[in-house]
Amino acid sequence: MYSKTVIDHFTNPRNMGEMKDADAIGKVGNPTCGDLIWIYIKVKDDVITDVSFKTFGCAAAIATSSMITEITKGKTLKEAYQITRTDVAENLEGLPPIKMHCSNLSADGLHKAIQEYLRKTGRTVEDLK
Amino acid sequence: MYSKTVIDHFTNPRNMGEMKDADAIGKVGNPTCGDLIWIYIKVKDDVITDVSFKTFGCAAAIATSSMITEITKGKTLKEAYQITRTDVAENLEGLPPIKMHCSNLSADGLHKAIQEYLRKTGRTVEDLK
Amino acid sequence: MTKQINFNHSAGVPVDEQVLKAMKPYFRQYYGNPSSVHAVGQQSAKAIANARVQVGQLIGAAPKDRVIFTSGATEANNLALQGFAYRHRRKGNHIIISKMEHLSIINTAKFLSKQGFEYTQVGVDKHGIVDTKALKKAITDQTILISIQHANNEVGTIQPIADIAQIANNAEIPLHVDAVASAGLIPVNVSEHGISLLTLSSNDLYGPKGVGALYTRKEVALQPILTGGGQEYGIRSGSENVSGIVGMGAAAELAKEQLADNVTRLTWLRDQLIKGVLEKIDDSYLNGHPTQRLPNNANIRFSYIEGEAITLHLSFQGFLVATSSACTSKTLAPSHCLMSMGVAEAEAHGALQLTLGRENTQAHIDKFVEVLPPIIEKLRAMSPLSKDVPYDIFEDEEHDHHH
Amino acid sequence: MTKQINFNHSAGVPVDEQVLKAMKPYFRQYYGNPSSVHAVGQQSAKAIANARVQVGQLIGAAPKDRVIFTSGATEANNLALQGFAYRHRRKGNHIIISKMEHLSIINTAKFLSKQGFEYTQVGVDKHGIVDTKALKKAITDQTILISIQHANNEVGTIQPIADIAQIANNAEIPLHVDAVASAGLIPVNVSEHGISLLTLSSNDLYGPKGVGALYTRKEVALQPILTGGGQEYGIRSGSENVSGIVGMGAAAELAKEQLADNVTRLTWLRDQLIKGVLEKIDDSYLNGHPTQRLPNNANIRFSYIEGEAITLHLSFQGFLVATSSACTSKTLAPSHCLMSMGVAEAEAHGALQLTLGRENTQAHIDKFVEVLPPIIEKLRAMSPLSKDVPYDIFEDEEHDHHH
Ligand SMILES: Cc1ncc(COP(=O)(O)O)c(C=O)c1O
Ligand SMILES: Cc1ncc(COP(=O)(O)O)c(C=O)c1O
C-alpha cells in the first residue's frame, strides 16, 4: 500500500520535533478529522535555514511532514512557497489515492508557516518574487 | 436419493411386459407429463392370477410399476383395490417426496385395470365386498 | 464411490489441480481481509487485483472496465438485470431477453415485472437460435437493456452474438451477455462486440464453486443488490471470498491458455459422441444447432423413453450425465429451452444432455457408445410407446405438445 | 512474509486445519451439483444437508427450522431485511435497528428507506448497550421487524439479547439477530430466546470465506433477493458452493465443541491484554462494556495519536491489528460505533481494535504489552497534542466532537 520511501520517512522521520526558537509555525488540519500538522521554520535572509514538524495523523501524514522538511531546508521562501502537494507525493514515490487528498497536508502547513513569517515581517505572498 | 429396493425394482423389474391375453388393462399418465403406466391383469374367480406392466417414465415410475405387480398377484380384486400409493411407496422403502406425487401412479393403474375388468363383467366397484 | 466418468460438466466441474494449488495459500496463510491495511490484508488485496486482470484478459476487457466478483453466475445475472433496471429506471422500464436464457435471467425478469418493469422474451428457431428480426422489433423507446446468452448450457447452441450486439449498439441499448456456458470453450470478447455487461461463472472455468463475476464496461452504472461495507467498487458489499476469487482468476488464465486446444480436442470428441450415438440408436435426434454449438455439448433425445431412467442406468455404468427430463427438475416442468425450440413435450423427457470436459478421452466416448444402446433397448422394451404406439394417441384434450 | 501474530480475527481468520480437510474432497472428488440425480451430485446434496444440521445445532435450531446458506453475512443480513420487508410490506413499513449495527444492516435499512420503508435507529449508552426503553418506544403499529446484533465485532459489547427478544416477542414482532461476532465465542440459542432470523458468517467460525447462513424459524417467509434455479428452499438461487458449505458446517460443529474452552481461555488472554495495556500506557481507555464483552475483544484508545500509525508500527513488529481510525475506512469517516457511544471524534482516531483467536497464546500477549508502549511513546513525541495541548483548542467552529 505505501511505497518504501513513505515507510522510511514514517519509521525514521527527519526533522521531527518542536523548534523552540522558530520564526513561524504553520498549523493545518483538525484532530477531529484525524490529521494535524505543525510546520516550524527558521528563516534568514528569506532562506529557510531550519525546518521541523510535529504531526498527529496517519503514516501518510507523518511521512509527508518529514518529506517536506527535507525538501524545504535551504530553499528561499519563494522557492519553498512553490512546493505543492504533488511535489511531496512524488518525492515519496507516490501515495495511495485516498491519502492524496486527506493526509497530504504538509505543503499547506509549510505555506501557512511562510505566510505567518511574511505577516510578522510586514509582507504578503505578493512580495515574494 | 432412491432406496435400495427402488433401485432393485428399477434394475430388475418384475412382471415386465405386455400380456397378450390380459382380461383388462389400466392405462394412466400422460407422455407429455413424462409418465405413462399400463397395468395388465388376468383374473379368475375375482382373484388376480397374473399381472404385468409396461411403463414409460422415470426410475420411480418403473419401480412402482414393478412393485405393484408383485404385491398384487394372488390377491382378490377387493384386496387389490385397497392397495394405495402409500402401500406401494412403503413396500419400496420410501420414495423421494417429489416422486410421491408425480411418478407414483401404479396404484391408479391397477385400480383402473380392476374397474375395467368390473365394467367388462357388468359390475362396478360397489359390487366388491 | 467408484471412479465415475463425467459427461455432465455443465452442472459441476472438478476444480483444476493448478487452480486449487493457487487457492491453497489463501485459506490459512494469506487469510487477510483486503480492507485491512496490514500485510496479510494487503496480500489479499493484491491477489484480488491480480484475479481481476486475469478474468478481464479472458474476455478482452479494457483496463478501465470493471470485473465485479460475485458469489456466482446467478448473482451476477441478478445484479446485471436488477442493478441495471433500478439504476436506469428513469430512462425506461423495458428489458428484452430470449426464451433460451437461464432461469437466473428469466426469473429475474419476471421478478422485475412485479416491480413495475416489463420484459419481452424473444423466441428462437428449432435449433435454438434467437430470432434477430424479432429482437429488433421488440425494441421500444422504453427499452433500457437487452440480455442474451452467448451459448446455451443445455442444448449447446451458440447465438450470433456479433449480430445481436450490432442490433443493440445500433439502437444504443446496452447489451448484457450471459457467457457462463461459452467462456473457456469458445472466444468471448467484450471489446470486439461492444458488450456492456457480461456474466461469468468460476466453476464452469474449472475454478471453485461459489464465485462468479459480472464484467461491466467502465461507463455502466448499477444499483447494488447487496449493501453494506462497500466492497467491489461499492457495487457488491460483503467481505471478499479471497481464495475463491484467486481460484477464479487462476482458472480464467488457464482457460485462456487452453482455449485453442480445448476447442479442437473437445470438438473432435463431441463429434465422435454424436455420430456414435445417432448411428447406433434408432429414433435418436440431436437437439440444438448442428454446427453452431459448443464444442463440448451433445444433447440427444431418444423417443419413447424417459431421461431420468436412462441417466440412472448410465450411472450404474459409471457415467454421470444430465437429462432435460422434468423429473430431475425442481418444478417438474420439462426444459423450457427444448420447449422453446418446438420439441414435443413427451420427446423432451427423453433428452440426454452430455457435456464433455478436459479430463474426458476417446476411451470414454467409445465406452459410452458401447453401453448406451442396451440401456435404450431395455427401456424401450419396457415402454408402452413405440413407432406403432406413438405419443399422440394418449394426448389429453388439454395438452398440446406441438409448441 | 514473516510469521505474523493475528490480533485481528474479526477481519479475517485462517481456516481451521480440520475444516480445510473436511472441504478438500469437495473440490475435485465430490464436485457434483446437488441438483444432479447421479451419485456425485447426490453426495453433494447429502453433504449440504449435513452442514445444515451442523449449523443448526450450533445455534439451537429446531428440526423444522431452516438454515439458508448464502455467500456471507452481508448477503444474509440483506436477505433478512430486504427479504422480510418486501414479503411483509402489507403488515407495515417500519423496521427497527440499532446504532451499533454492521454497515450491512445500516446501509440495507437506508436502502429500504428509499423503497418506501422507514426505519428507526435505536441509540446506545456509553458502553454500546442498546437502550431497551428506547427500543420499546420505537415500536409502532407499522413495525414489522426488529434487527439487533448479538455482539459488536468492533468494540466487543454484548447486547442483552434475552431482554431484547422479550420486548420483540411481547410486541409480536419477529426479531432478527446478527450473530456474526458472537457465534462460536458465546452461546447463541435461537429457540431459548425465540429469535426468528439469525445471521452467521463462516469465516468468523474458522470456516472458509464466501459463505454465510441465514437461520429462519419455520414459519418465517421471505422474498428472495437472488432469483433463478430455486436452490435453498427457493429463497436463494444459485448453484451451491458445496465445498464452502461443507466447510461452514464443519466449522460450526467444531465451534460448538470448543465453545466452553474458547470462552475460558480467550477471556483470560483478553483480560491480560487489557490489564497490561491500560497499566503500562497513560491516557489509554477501554472502549465498550467492561464485562458484557466478547471474550476475544479488546478495544483500546490512546489519546493524542492516530490509529493507523500505531497499526503500521505494530505490523513492523509482527502484529496484525485493526483500528477504528477513519484513515483505514473507505469513507474516511470514524467508526460509527464509537461515535454512537459518545467517544470524541479525535479520540476515536486513536482506537485499536484487538480481536484474539484460537492460535493466540500468553506469549503473544506478553510480547504485545512489551512492544506497544515504545510505539505509543514515539508517536506521542511526534504529536502536537498532549495533556497540555488538548484536542479542543484546535476545534473549528463547524466541528463538534461531543456527540
Ligand atoms: C447459462 C447459465 N447462466 C447462469 C447459470 C447460473 O449459474 P450458477 O447456478 O452457478 O449461479 C447457469 C448455470 O448452470 C448457466 O448455465
Ligand atoms: C457483526 C457483523 N455483521 C455482518 C458482517 C458482514 O460480514 P461479511 O463482510 O463477511 O459479509 C460483519 C463483518 O465484519 C460483522 O462484523
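Order of the sequence lines fixes the chain letters, A, B, ..., with proteins taken first and strands second; residue numbering starts at 1 for each chain. No experiment lies behind these values; they were computed from the predicted model shown.
Between atom CG of residue L385(D) and atom OG1 of residue T55(A) there is a gap of 10.0 Å, rounded to the nearest 0.5 Å. The structure places CD of E306(D) at 7.5 Å from CD1 of I62(A), a figure rounded to the nearest 0.5 Å.
Annotation: D21(A), atom CG; neighbour count of heavy atoms from other residues, nucleotides and ligands within 6.0 Å is above 12. Around NZ of K126(D), the count of heavy atoms belonging to other residues, nucleotides or ligands within 6.0 Å does not exceed 12. More than 12 heavy atoms of other shown residues, nucleotides or ligands fall within 6.0 angstrom of atom NZ in K73(A). Residue E377(D) qualifies as open at atom CD: its count of foreign heavy atoms under 6.0 Å is 12 or below.
Using a 4.5 Å cut-off between heavy atoms, S65(A) makes no contact with chain D at all. In this structure, no portion of I37(A) lies under 4.5 Å from any heavy atom of chain D.
Y304(D) and F56(A) get closest at one heavy-atom pair: O-CD1, 2.9 Å. Here the closest non-hydrogen pair linking A309(D) and G57(A) is CB-O, 3.7 Å. P13(A) and M382(D) get closest at one heavy-atom pair: CG-CE, 3.5 Å. Residues K54(A) and A381(D) share a closest heavy-atom pair of CE-O, 3.1 Å.
Using a 4.5 Å heavy-atom cutoff, the side chains of W38(A) and V389(D) are in contact.
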